[in-house]
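Notes follow the structure.
Numbers here are sequence positions counted from 1. All values below were derived from every heavy atom in this structure, side-chain atoms included, with hydrogens, water molecules and symmetry-related copies excluded. Owing to the predicted nature of the structure, the values given are computational and were not obtained by experimental measurement.
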Amino acid sequence: MRIHEGFKDSSVSDLVVDEGRVHFAAPCGDSPFSMWWQFALQSDGPGRVGCVWERTNEVLGGGGLGAAVPVYHDGDRWRRVPTRSCHYEPEEHRLRFTVPVQAGLTPVAYCYPYGLEQINRMIRQARQHPEIHVRKIGESERGLPFRLVECGHGPFHVWVTARHHAGEMTGSYVLEGFLQEALQRPKLLDHVTLHVAPAMDVDGVAGGMYGKDRQPRDFNRDYCTTPCRPEVAALMQAAQWVGQVDMFLDLHAPTAGDRTFLVQVAESMTTGDYWNREWEFGRQVEALAPASCPCRVQDLSRQSLNWSSENMLQTATRYFHSQFEALSMTLETTYHRSWNGKLVGPQGWHALGRALLRAVGVQAGAYRAPEMSQIELPRSLIQRLPNWWHAHAPVKMEAREKAAGLEVQSDSADSYCWVMSKQVLRGQGPRALFGYRLQGRVKELTVTAKGFDGVQDLPTGTWSSETVECRGGGEWQSGRVAHKEREYRLLFRVRGLEGKLEVRAGGEE
């Protein structure tokens, strides 16, 4: 048994053979995390090869790898490796599994691959349909075409993206089922117009990258006034040129052990009515989703967009919601198992894509809503304030607005909140001013000036932060954060508050 060095789809790190076992790691590339890998084994005859995935502590959500079952190609099709051979060893940061091999080449991968060749094949097949129009709207950094697939002529405009993170291949299988269903339902195309970007990170898909947080900026954190990714800039321009987005769907995959679920636009930054609209759509998807790849409303992740990050407000869903008032959702489709532990594969992902299209048809008024009486509409739990957003759902902390700003209270060293002022501040030069008043003690107060275009209500993609050495005593203190933007919003991150803290955005020198 040998490692096939010339395998064109290789995406792997530190491949070695030791005592008949293949040891390897998933490559990080220019991302801080790893997950996706693919390589091939060369064998002189049939047998079984033990493989050891090392350094799984580098994998995003690697603690969930107990649910993972890699795949291999048996010469006919891709299959899961024997489930009983998979053993996750979290303390040693490794996953062991066994690959059945035949004479010749046996490709092995983290999950069912869907590379750029397959995406191009999907586009070519779709192009043969008279309803489909494919247009190049830009190029990647390496000069690969960035294309938009469009069909339909209805008044309800739906925009769909996949592969913002190149290794999240389940999104492509879902998209394939989505498009197949669209072309089999010509009457639906009288109600909807579909605009589909099959590969946002074209170079990442071509290069077999995982792509989460790929430097210099994550593709799904690049929706700002100055996007650095040409594909993102081209998509934004195309949407502005069409001028209408009624619904936006972004197809992703979650961490290794997660099931399939929908993600809403950041909860505190939308109205209660909008929340209900989002999850009414979620109920429709659940009712229509196949048993082979279920998607349940109760599996919603309220923490998915609770980032303690200045990249917030720069996702695709936020952009299409804020700029077009579109109903925007992210679908995270599992790599391995559904909520009941059953393995999921291409047929299930295709079926979920078809169900997603039918739910879109309900939204467009083309179909009746399915029976959903047994599916409870989840309640919005986050506090909405007139002049502040909760960028992160508060933990063991209460907030209320006061005339001077925002007051937060807690008696727990484990408390946490992350708030942003809705007010766009202007004209204070290179310093962002703020004030605070502390009664008690706090482990951390970090203030961030995040650049904003006040006219477009878009982030500029720049920010600067300052951690404050807080003084107690109950007197107002002033502070400043150096920044380069003429317009900005202020974010306050509060951790470990035992007492009361008041903060305000702006002030005087």
Rounded to the nearest 0.5 Å, the CG atom of Leu300 sits from the SG atom of Cys295 at a distance of 10.0 Å
_No-hydrogen, no-angle side-chain donor-acceptor test under 3.5 Å, Thr271 and Asp273_ = no
With a 4.5 Å limit on heavy-atom distance, are the side chains of Asp250 and Met200 in contact? no
The single option from Tyr319, Tyr223, Phe219 that satisfies ring-ring contact (aromatic ring centres under 6.0 Å, His included) with His164 is Tyr223
Rounded to the nearest 0.5 Å, the OG atom of Ser13 sits from the CD atom of Glu54 at a distance of 11.0 Å
For Leu458 and Gln323: C-alpha separation, side-chain torsions, deciding distance, then whether side chain to side chain contact (heavy atoms under 4.5 Å, CB included) applies.
CA-CA 9 Å; Leu458 275 178; Gln323 297 298 302; 3.7 Å; yes
Q. Taking atom CD of Gln237 as the centre, does the number of heavy atoms from other residues, nucleotides or ligands within less than 6.0 Å exceed 12?
A. no
Note: Trp36 and Gly208 closest approach over all heavy atoms is CD1-O, 3.4 Å
For Pro254 and Phe261 the tightest heavy-atom approach is CB-CE2, 3.9 Å
Sorted by chain and number, sequence neighbours left out, side chain to side chain donor-acceptor pair (under 3.5 Å) with Thr106 holds for none
Output yes when a side-chain donor or acceptor of Trp37 lies under 3.5 Å from a complementary backbone atom of Tyr210, and no otherwise.
no
With sequence neighbours left out, the residues meeting salt bridge (charged side-chain N to carboxylate O under 4.0 Å, His left out) with Arg163 are none
The residue among Val196, Leu189, Val134 that forms side-chain contact (heavy atoms from CB on, under 4.5 Å) with Cys151 is Leu189
With sequence neighbours left out, the residues meeting salt bridge (charged side-chain N to carboxylate O under 4.0 Å, His left out) with Glu286 are none
- prompt: Would Asp203 and Ser140 count as a side chain to side chain donor-acceptor pair (under 3.5 Å) if you check the C-alpha gap in whole Å, the side-chain angles of each, and the deciding distance to 0.1 Å?
  reply: CA-CA 7 Å; Asp203 293 339; Ser140 71; 2.6 Å; yes
Val149 and Met122, any side-chain heavy atoms less than 4.5 Å apart:
no
Counting only heavy atoms not in Glu117, do more than 12 fall under 6.0 Å of its CD?
-> no
- Task: Output yes when Asp74 and Arg79 qualify as a salt bridge under the 4.0 Å nitrogen-oxygen rule, no when they do not.
- Result: yes
Contact check, side chains of Met329 and Val285, non-hydrogen atoms, under 4.5 Å: no
Report task. Report yes if the side chains of Cys28 and Arg214 come closer than 4.5 Å at any heavy-atom pair, otherwise no. Result -> no
Exercise. Is a side-chain donor or acceptor of Ser43 paired with a backbone partner of Gly104 at a separation under 3.5 angstrom?
Worked result: no
Mind checking whether Glu332 and Ser301 have side chains closer than 4.5 Å, heavy atoms only?
no
Between Arg379 and Glu376, does any NZ, NE, NH1 or NH2 come within less than 4.0 Å of an OD or OE carboxylate oxygen? no
Please confirm whether the backbone N or O of Glu141 pairs with a side-chain atom of Arg229, one donor and one acceptor, at under 3.5 Å? no
Q.
The test is side chain to side chain contact (heavy atoms under 4.5 Å, CB included); show your working for Met35 and Lys212 and say whether it passes.
A. CA-CA 9 Å; Met35 186 179 294; Lys212 180 80 169 181; over 6 Å; no
* Give a yes or no answer on whether the side chain of Glu19 reaches the backbone of Arg21 with a donor-acceptor pair at less than 3.5 Å. => no
- Just checking, is any N or O donor in the side chain of Glu150 or His133 under 3.5 Å from an acceptor N or O on the other one? no
So that I know where these two stand, are Tyr114 and Tyr173 an aromatic pair - ring centroids less than 6.0 Å apart? yes
Quick note, salt bridge (Lys or Arg N to Asp or Glu O under 4.0 Å) partners involving residues 291-301, not counting sequence neighbours, are Arg259-Asp299, Arg296-Asp299
Q. Hey, do the aromatic rings of Tyr110 and Trp53 have their centres closer than 6.0 Å?
A. yes
In this structure, NE2 of His73 is separated from OH of Tyr112 (nearest 0.5 Å) by 11.0 Å
| message | So does Arg337 get a backbone contact from the side chain of Thr334, meaning a donor-acceptor N/O pair under 3.5 Å? | response | yes
Tell me whether the count of non-hydrogen atoms from other residues, nucleotides or ligands lying under 6.0 Å of CD in Gln240 goes above 12. yes
query: Heavy-atom distance under 4.5 Å between the side chains of Leu194 and Phe178, does that happen here?
result: yes
Exactly one of Val160, Leu249, Val263, Val174 clears side-chain contact (heavy atoms from CB on, under 4.5 Å) with Leu331, and that residue is Val174
If we ignore hydrogens and angles and just use 3.5 Å, is the side chain of His87 paired with the main-chain N or O of Arg84 as donor and acceptor?
yes
Take Asn220 and Thr315 through the test side chain to side chain donor-acceptor pair (under 3.5 Å) and record every step on the way to the result. CA-CA 5 Å; Asn220 199 30; Thr315 65; 5.2 Å; no
- Message: If you apply the rule side chain to side chain contact (heavy atoms under 4.5 Å, CB included), what do you find for Gln284 with Tyr367, and how did you get there?
- Response: CA-CA 11 Å; Gln284 294 161 7; Tyr367 306 139; over 6 Å; no
Inset, instruction - Without swapping roles, check the side chain of Glu267 against the backbone of Ile382 for a donor-acceptor pair under 3.5 Å. - result: yes
Output for pair (His153 NE2, His191 NE2), nearest 0.5 Å, gives 10.5 Å
Between the NE2 atom in His336 and the SG atom in Cys86, the distance rounded to the nearest 0.5 Å is 9.0 Å
Q: Could you go through the side chain to side chain contact (heavy atoms under 4.5 Å, CB included) check for Val242 and Phe324 one step at a time?
A: CA-CA 11 Å; Val242 172; Phe324 298 95; over 6 Å; no
Here the gap from Asn57 atom CG to Phe33 atom CZ, rounded to the nearest 0.5 Å, amounts to 12.0 Å
Would you check if the side chain of Glu278 reaches a backbone N or O of Leu262 as a donor-acceptor pair within less than 3.5 Å? no
Contacts satisfying side-chain hydrogen bond (donor to acceptor under 3.5 Å, both in side chains) that involve residues 347-356 (not counting sequence neighbours) are Glu176-His350
(message) If we count only N and O atoms by modelled type, under 3.5 Å, do the side chains of Ser31 and Asp213 hold a donor and an acceptor together?
(response) no
Requested in this report: Without swapping roles, check the side chain of Thr170 against the backbone of Thr333 for a donor-acceptor pair under 3.5 Å.
Outcome: yes
Counting C-beta onward and ignoring hydrogens, is there a side-chain heavy-atom pair between Met169 and Gln118 closer than 4.5 Å?
no
- Message: Could you check whether any side-chain heavy atom of His165 comes within less than 4.5 Å of a side-chain heavy atom of Asp218, counting everything from C-beta outward?
- Response: yes
Ring centroid separation Tyr274 to His321 under 6.0 Å: yes
- Query: Is the backbone of Val69 close enough, under 3.5 Å, to the side chain of Arg80 for a donor and an acceptor to pair up by distance?
  - Reply: yes
Sorted by chain and number, sequence neighbours left out, salt bridge (charged side-chain N to carboxylate O under 4.0 Å, His left out) with Glu92 holds for none
